[in-house]
Engineer: 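Please see the structure below; I have some questions.
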Amino acid sequence: MRSHPDRIADAWSELVATARRTVADGLVVGTSGNVSCRIKDLILVTPTGVPYDRLGPGDTTAVDLDGRQIIGSLRPTSELPMHLAVYRATPATAVVHTHAPYATAVSTLVPELPPIHYMAGALGGAVRVAPYALYGTDELAANMLDALRDRTACLLRNHGTMAYGNSLDQALDRTAQLEWMCRVWLTASSLPGHTPSLLSPAQLDEAREKLRGYGRHD
């Protein structure tokens, strides 16, 4: 059995690797976006204003479920209220927030992502857009939670994406699936004189049932 410090060190290493992937995959630019994971009542989270490629083992940053800093001297992400809201309200053990370009574009156009593909079922159904609120606020966290009702991902109006899962890989995969669906819908809807065909609620429900457990590793 590994010691608790070793578990934290391993989790931090995986968190930093995931944060770096969001940059490499074009889901964030610079230090935008943030990543967190949960170990019991400890939340490891990326710090604010530090490029991910500069983060090392000595930069571990962690808070408790009330937001009190437990580990580290770097200030936690300004979006900490959203991360904590997810952990308090869901069984999530990992959260990924990005400023993915296609998803952010869609968030400015519609109240929910039109059901362009059955993979929406893997996120729980039609992906809602949370109303705009200033970043880092409790209002934004509350809007996000409402949009996440019975879902594992949502869009944040004029802002980006929020997704959670039972692992960092799953949370990141859900983010990537959402960004891809947004890109598909924007591409299909941009052709003059044509309207994309969309899935009916019944078709989306059918896909959701078939996809139940998609991406689970437990």
Side-chain angles (χ1 to χ4, degrees), residues 14-15 17-28 33-38 79 82-83 85-131 141 143-157 159-189 196-218:
E14 185 181 1
L15 182 148
T18 301
R20 290 173 178 169
R21 282 181 61 192
T22 65
V23 177
D25 294 347
L27 299 171
V28 303
N34 25 80
V35 178
S36 68
C37 65
R38 178 175 184 172
E79 297 292 11
M82 281 203 297
H83 289 259
V86 172
Y87 291 120
R88 291 170 185 152
T90 77
T93 58
V95 173
V96 172
H97 163 55
T98 78
H99 295 175
Y102 293 103
T104 303
V106 169
S107 80
T108 70
L109 298 172
V110 290
E112 70 176 27
L113 173 64
I116 192 74
H117 195 274
Y118 66 80
M119 280 305 295
L123 304 179
V127 179
R128 305 182 187 101
V129 179
N143 291 349
M144 173 212 65
L145 273 187
D146 188 53
L148 279 176
R149 191 178 64 256
D150 302 319
R151 303 288 188 270
T152 55
C154 71
L155 299 174
L156 308 170
R157 188 171 303 284
H159 188 154
T161 70
M162 200 69 173
Y164 71 84
N166 58 22
S167 68
L168 284 163
D169 280 346
Q170 187 180 62
L172 183 60
D173 180 72
R174 286 171 171 168
T175 302
Q177 292 286 354
L178 177 54
E179 171 72 343
W180 178 80
M181 286 188 290
C182 287
R183 183 177 183 179
V184 168
W185 180 72
L186 285 170
T187 301
S189 60
S197 64
L198 301 174
L199 299 179
S200 68
Q203 289 171 325
L204 199 55
D205 286 344
E206 182 182 38
R208 183 173 59 229
E209 286 302 311
K210 189 166 185 178
L211 286 163
R212 192 175 295 279
Y214 175 87
R216 294 175 66 176
H217 303 293
D218 52 4

Engineer: Under the rule for side-chain contact (heavy atoms from CB on, under 4.5 Å), what residues qualify as partners of Arg151, not counting sequence neighbours?
Structural biologist: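 With sequence neighbours excluded, Arg151 shows a side-chain contact (heavy atoms from CB on, under 4.5 Å) to Arg128, given in chain and number order.
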Engineer: If the condition is side-chain hydrogen bond (donor to acceptor under 3.5 Å, both in side chains), which residues does Arg88 pass it with, not counting sequence neighbours?
Structural biologist: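 Scan of Arg88 (side-chain hydrogen bond (donor to acceptor under 3.5 Å, both in side chains), adjacent residues dropped) gives none.
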Engineer: Which pair of non-hydrogen atoms, one from Ala153 and one from Val127, has the smallest distance, and what is that distance?
Structural biologist: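 Heavy atoms of Ala153 and Val127 come nearest at O-CG1, 4.0 Å.
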Engineer: Step by step, work out the side chain to side chain contact (heavy atoms under 4.5 Å, CB included) result for Cys182 and Leu113.
Structural biologist: CA-CA 7 Å; Cys182 287; Leu113 173 64; 4.1 Å; yes
Engineer: Listed by chain and number, what are the side-chain hydrogen bond (donor to acceptor under 3.5 Å, both in side chains) partners of Glu112, not counting sequence neighbours?
Structural biologist: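 Applying side-chain hydrogen bond (donor to acceptor under 3.5 Å, both in side chains) to Glu112 gives none.
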Engineer: Backbone N or O of Thr152 within a donor-acceptor pair of the Arg174 side chain at under 3.5 Å?
Structural biologist: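 No: the side chain of Arg174 does not pair with the backbone of Thr152.
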Engineer: Restricting to non-hydrogen atoms, name the atom on Leu211 and the atom on Tyr118 that form the minimum distance, rounded to 0.1 Å.
Structural biologist: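 The answer is CD1-O, 3.3 Å.
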Engineer: Are side-chain heavy atoms of Asn143 and Arg157 found at a separation under 4.5 Å?
Structural biologist: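 Counting from C-beta outward, Asn143 and Arg157 never come under 4.5 Å.
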Engineer: Between Gln170 and Thr93, is there a side-chain heavy-atom distance shorter than 4.5 Å?
Structural biologist: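 A side-chain contact is absent here, since even the closest heavy-atom pair is not under 4.5 Å.
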Engineer: For residues Val129 and Val106, determine if any side-chain heavy atom of one lies less than 4.5 Å from a side-chain heavy atom of the other.
Structural biologist: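 No - every pair of side-chain heavy atoms lies 4.5 Å or more apart.
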Engineer: Sequence neighbours excluded, which residues qualify as side-chain hydrogen bond (donor to acceptor under 3.5 Å, both in side chains) partners of Ser200?
Structural biologist: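 If we apply the side-chain hydrogen bond (donor to acceptor under 3.5 Å, both in side chains) test to Ser200, skipping adjacent residues, the hits are Gln203.
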Engineer: Going by side-chain contact (heavy atoms from CB on, under 4.5 Å), name the residues that satisfy it together with Leu168, two or more places apart in sequence or in a different chain.
Structural biologist: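 In terms of side-chain contact (heavy atoms from CB on, under 4.5 Å), with neighbours along the sequence ignored, Leu168 is linked to Glu14, Leu15, Thr18, Val35, Cys37, Ala94.
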Engineer: Could you measure the distance from the CE atom of Met144 to the NE2 atom of His83? Nearest 0.5 Å is fine.
Structural biologist: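 Met144 atom CE to His83 atom NE2 measures 9.0 Å (nearest 0.5 Å).
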Engineer: Could you check if a side-chain atom of Pro91 sits within less than 4.5 angstrom of a side-chain atom of Asn166, using non-hydrogen atoms only?
Structural biologist: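 Sidechains of Asn166 and Pro91: no contact.
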Engineer: Excluding sequence neighbours, so at least two apart, what forms side-chain contact (heavy atoms from CB on, under 4.5 Å) with Ala100?
Structural biologist: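 Residues passing side-chain contact (heavy atoms from CB on, under 4.5 Å) with Ala100: Leu27, Thr98, Ala103, Thr161, Glu179.
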Engineer: Sequence neighbours left out, what passes side-chain contact (heavy atoms from CB on, under 4.5 Å) with Thr90? Give chain and number order.
Structural biologist: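 By the side-chain contact (heavy atoms from CB on, under 4.5 Å) rule, Thr90 matches Val86, Ala92, Tyr164.
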Engineer: Quick check against the 3.5 Å criterion: does Thr104 have a side-chain atom that pairs as donor or acceptor with the backbone of Pro101?
Structural biologist: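 Absent.
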Engineer: Return the minimal non-hydrogen interatomic distance between Pro115 and Leu204, and the atom names on each side.
Structural biologist: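 It is CB-CD2, 4.1 Å.
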Engineer: Who pairs with Asp25 by salt bridge (Lys or Arg N to Asp or Glu O under 4.0 Å), at least two apart in sequence or on another chain?
Structural biologist: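 Partners of Asp25 under the salt bridge (Lys or Arg N to Asp or Glu O under 4.0 Å) test: none.
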Engineer: Going by the rule side-chain hydrogen bond (donor to acceptor under 3.5 Å, both in side chains), which residues pair with Glu79 if we only count those two or more places apart in sequence or in a different chain?
Structural biologist: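 Counting only residues at least two positions away or on another chain, Glu79 forms a side-chain hydrogen bond (donor to acceptor under 3.5 Å, both in side chains) with His159.
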Engineer: Would the number of heavy atoms belonging to other residues, nucleotides or ligands and lying under 6.0 Å from CZ of Arg183 be above 12?
Structural biologist: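 Open.
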Engineer: Could you tell me the separation between the SG atom of Cys154 and the CZ atom of Arg149, rounded to the nearest 0.5 Å?
Structural biologist: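 Result: 11.0 Å between the selected atoms.
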Engineer: Which pair of non-hydrogen atoms, one from Met119 and one from Met181, has the smallest distance, and what is that distance?
Structural biologist: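 Here Met119 and Met181 meet closest at C-SD, 3.8 Å.
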Engineer: For residues Ala85 and Leu145, report the shortest heavy-atom separation together with the two atoms involved.
Structural biologist: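 Scanning both residues, the minimum pair turns out to be O-CD2, 3.7 Å.
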Engineer: Rounded to the nearest 0.5 Å, what's the gap from OG1 on Thr187 to OH on Tyr102? Could you check?
Structural biologist: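 Answer for the OG1-OH pair, Thr187 versus Tyr102, is 6.5 Å.
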Engineer: Hey, could you give me the CG/CG distance between Leu178 and Leu155, rounded to the nearest 0.5 Å?
Structural biologist: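 Rounded to the nearest 0.5 Å, the CG-CG separation comes to 5.0 Å.
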Engineer: Is the OH atom of Tyr87 crowded by more than 12 outside heavy atoms at less than 6.0 Å?
Structural biologist: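 Yes, the 6.0 Å shell around OH holds more than 12 heavy atoms from other groups.
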Engineer: Measure across Ser197 and Ile116 and return the closest heavy-atom pair with its distance rounded to 0.1 Å.
Structural biologist: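 For Ser197 and Ile116, the tightest heavy-atom pair comes out as O-CD1, 3.9 Å.
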